[in-house]
Amino acid sequence: GERNYSWFSSSDFYSSLGLEDFPSVGDISGTEEDTESAILYGTLRGSVVGLRYYTGIVNNNEMVALQREPNNPYDKNAVRVNNVNGDQVGHIKKELAAALAGIMDSKLAVVEGVVPYGAKNVFTMPVQMSFWGREENREAVVDQLKKHGFKLAPPLKGKFGSKWISGRAGPSYSAPVHAAVQLTTEQLKSEFDKLFEDLKEDDKTCEMEGAETVGTLLLPHQKQALAWMVSRENSNDLPPFWEERSNFYYNILTNFAEEKRPENVRGGILADDMGLGKTLTTIALILTNFQDGKPLPVERITNDNPECCKLLRLSEWLQGTIRFLNFYFALNVQSVEKKYSDDGPRATLIVCPLSVLSNWIDQFEQHIHQDFNVNIYVYYGSDRSKDPSVLSEQDIVLTTYNILATDYGMRGDSPLHRVKWLRIVLDEGHTIRNPNAQQTKAALNLEGHRRWVLTGTPIQNSVKDLWSLISFLKLKPFTDREWWHRTIQRPVTMGTAGGLGRLQSLIRSITLRRTKTSKVKGKPVLELPERKVLIQHVTLTEEERQVYQSVKEEGKAAISRFFSEGTVLAHYADILGVLLRLRQLCCHPHLCVNTSSSFSADNKTPEELHETLVNKMKLVLSSGSDEECAVCLESLTVPVITRCAHVFCKPCIFEVIRSEQPNAKCPLCRNGLRVEHLVECPLEEEIDSSNGKKSDQEWISSSKINALMHALIELRRDSPNAKCLVVSQFTTFLSLIENPLKESGFAFTRLDGSMAQKKRVEAIQCFQSSQAGSPTVMLLSLKAGGVGLNLTAASRVFLMDPAWNPAAEDQCFDRCHRLGQKHDVVITKFIVKDSVEENMMKIQNKKRELAAGAFATKKPSASEVKQTKINEIKALIDL
DNA sequence: ACCGCCGGGTGCC
DNA sequence: ACCGCCGGGTGCC
């Protein structure tokens, strides 16, 4: 049910159309083995030579990595052999290297090695090689080998029993087994769910009080989390899969051994559900565990030292961006510097998405005891300090993934990367799930021993997503993708026996996860009131229906044409536009007056073309299709639009163009791409394409507004004190609703993305107030505010229009259905009968099913993906 | 002897 | 490397 669903959040418009799986999208990274379709061609015995020249040692049955060395001065075919630690063991004998070089360079196969025996040899040792690749390359690989006089031994089938299938380096020149029975999606999923059952492990149920600097009382589950985090930071346990043997340490997955004790990560993944207080727990950790369980030393503000004032923090919000300036009194700076100058690192770095930056600031203000002076620096904005020592002197530095990536981009001069941090916290850590994204590389290269990932959804789509997180945590040997892939990812995705078990023990040892339904001492973590979702159908008036039908027929005709021309993807923005207009018409006829349809972009001046593109981009961004870049799968931060009207992150699409030059193609539709054709658009917090000039139009009602007003008035009659949220994706619609609210004498307030921070805070405080005469209605735009937004005063929600992404709706509902809610929450969704809205609901449901089965092993084929996508567009517009 | 055979020097790519 | 290979020394029985 719900708890598992929240682990997966693939859902967005792209996935509903199957676009994120569009074959060409995956080609971008290129180098990586395609896990889903890689098979084992066979094995080959070869030899490693030149052992005496290198220091790298191996054990019998230890995995080794084969690495091309094209610049070797003696042989351009050279292939070096490294042990798990990355130390060179030797080279592949030259005749064999000559055969491998071509195969490896052209990426026809991935070649993996295991040294079966002879590890103690002085001059040469045998190596058992496995060749993995896609079926269509098998013949080419076999031919290539044959040319050099080598022949693959067929992969051994599962007849050797589970020990061989386990994927260990094992006694196995028996390669593990593509013939192993694959688990069904359902089996995999239920296996995976077990990861988080049975959390009564002792080390996770101890409680710990926060230091006195923590100004808020922690709930029991937060005290548990604090105790767990502190113990993770202070303990010296071995990392998972390592054993202490007589005088060395042994990795049971790769059979690698070393004398040096492998360091365990002083951190882990806090994967609690949203709303359980990951932020508060992290603040408590920072304040409570500075060194050896001692609290962070901070200035106490007392009557004796009035001149040592609390830092004056001045926050200033400009156009949705944040300037956060710290003013120090000279005295203060000195005393702070003196106190810590001879210690090691003391600053904690917190990286978060921009959307939750303000939430962190709020939470600091709320949870750091007011009598204490904690130095917090918000490293954001163009005036951020380039001096690393300014950062290292802080207690806490807060920044965003984008700043992190931008700074890292200007090589060598990133202050964030020059500081040795006491602790690094990645909030919404799944942000770095794409190993090729700049922000991931930037995060992996931060320095600091205590490393934490906060996320409610560590796995977005597949096990693959975990690698970046594990690598960030610096867990040996997984920091290198090859070992992660060979020991965990491939066994899991191939359903190899023991694979899931390994993943399980790995995750368990570094993760704490509680859901809203988890229990502490027999009691639910959070005792939340019930939450009910009602669907209220709305029937359009005759007049409304007529307008709707005519727009629908026009759009349908256009889309049919795209289908027959085979240009569906090229007209992506146009199709979204048609659907958007239909969705707007379901709400109110005035919403879509301004979006004229222009299906032809030909014969335009560059200026007109530019404007058309910007408009298309705004359309894509505002259509609720969940602004996500198809390259990195992240939310768009610096969106650019291509001439073919597809929107990507600027750095992502630049990377595509750079790597594919000179003939780069759009990842979505394979049209030509050129840097000079890309159009940039500043991402405002909220873009509403329909912000037409309603002032010169006479106000009229609509069926949906009538339905809403009817419900509101009924609610006021039955429970006059009940407060409610009226939610829409269209801020113009919210404006239209203001009218009848005033007429019927409702006190209301409003919160949308375009409002300045100060006004937001006012609106929220005003609405949350229980004073007589305080507003009972809040007009809320669906995506306004970060995850932290707390609107628990409301116990009713009216969702005026459905979102593409059910998760976006859920997140919105959670703003009132969260800690502090005292009443049952009733949510009413208004859905127009026989309309695109009903179709969207169907797709939402499909999406929930899809998310539930997101652990699928089998990737649908390109044609299946295409068919699904086409079916869904057809379903949306009743084609 | 434009060979065989011996035994020392030597050794990845 | 307790190998192979190289190339110099050597040469009936």
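Because the structure is a prediction, the values reported are computed rather than measured.
- Partners of A:His148 according to the ring pair (Phe, Tyr, Trp, His ring centres under 6.0 Å) rule, which considers only residues two or more places apart in sequence or in another chain, do not exist here.
- If you check every strand for non-hydrogen atoms under 4.0 Å, A:Leu51 touches nothing.
- Counting only N and O atoms by type, the side chains of A:Arg450 and A:Asn234 include no donor and acceptor under 3.5 Å apart.
- Protein atom NZ of A:Lys93 is 11 Å distant from nucleotide atom C1' of C:dC5, rounded to whole Å.
- Put simply, the side chain of A:Asp75 and the base of B:dC13 share no donor and acceptor less than 3.5 Å apart.
- Residue A:Glu95 qualifies as enclosed at atom CD: its count of foreign heavy atoms under 6.0 Å is above 12.
- In this entry the distance linking NE2 of A:His91 with P of B:dC12 reads 11 Å, nearest Å.
- Spacing between atom CD of A:Glu95 and atom P of B:dC12 amounts to 13 Å, rounded to whole angstrom units.
- Between A:Tyr54 and A:His91, the ring-plane angle classifies as perpendicular under the 30° and 60° cut-offs.
- At whole-Å resolution of the value, NZ in A:Lys94 and P in C:dG4 are 15 Å apart.
- Between the C1' atom of B:dC12 and the CD atom of A:Gln88 lies a distance of 9 Å, rounded to the nearest Å.
- Going from the C1' atom of B:dC2 to that of C:dC13 covers 25 Å, rounded to whole Å.
- Using C1' as the reference atom, C:dC5 and C:dA1 are 12 Å apart when rounded to the nearest Å.
- Atom CZ in A:Arg68 sits roughly 19 Å away from atom P in B:dC12 (whole-Å rounding).
- Atom CG of A:Asn77 is separated from atom P of B:dC12 by 17 Å (rounded to the nearest Å).
- A salt bridge is absent between A:Lys474 and A:Glu447; no separation between the charged side-chain nitrogens and carboxylate oxygens falls under 4.0 Å.
- Taking only distance into account, the side chain of A:Tyr74 never meets the base of B:dC12 through a donor-acceptor pair shorter than 3.5 Å.
- Between A:Phe123 and C:dA1, a base-stacking contact is recorded: ring centres under 5.5 Å apart, planes less than 30° from parallel.
- Atom CG of A:Leu100 is separated from atom P of B:dC13 by 13 Å (rounded to the nearest Å).
- Base pairing of C:dC2: no nucleotide in any strand meets the Watson-Crick or G-U wobble criterion (both distances under 3.5 Å).
- When heavy atoms are screened at a 4.0 angstrom cut-off, A:Arg52 is found touching base atoms of the nucleic acid.
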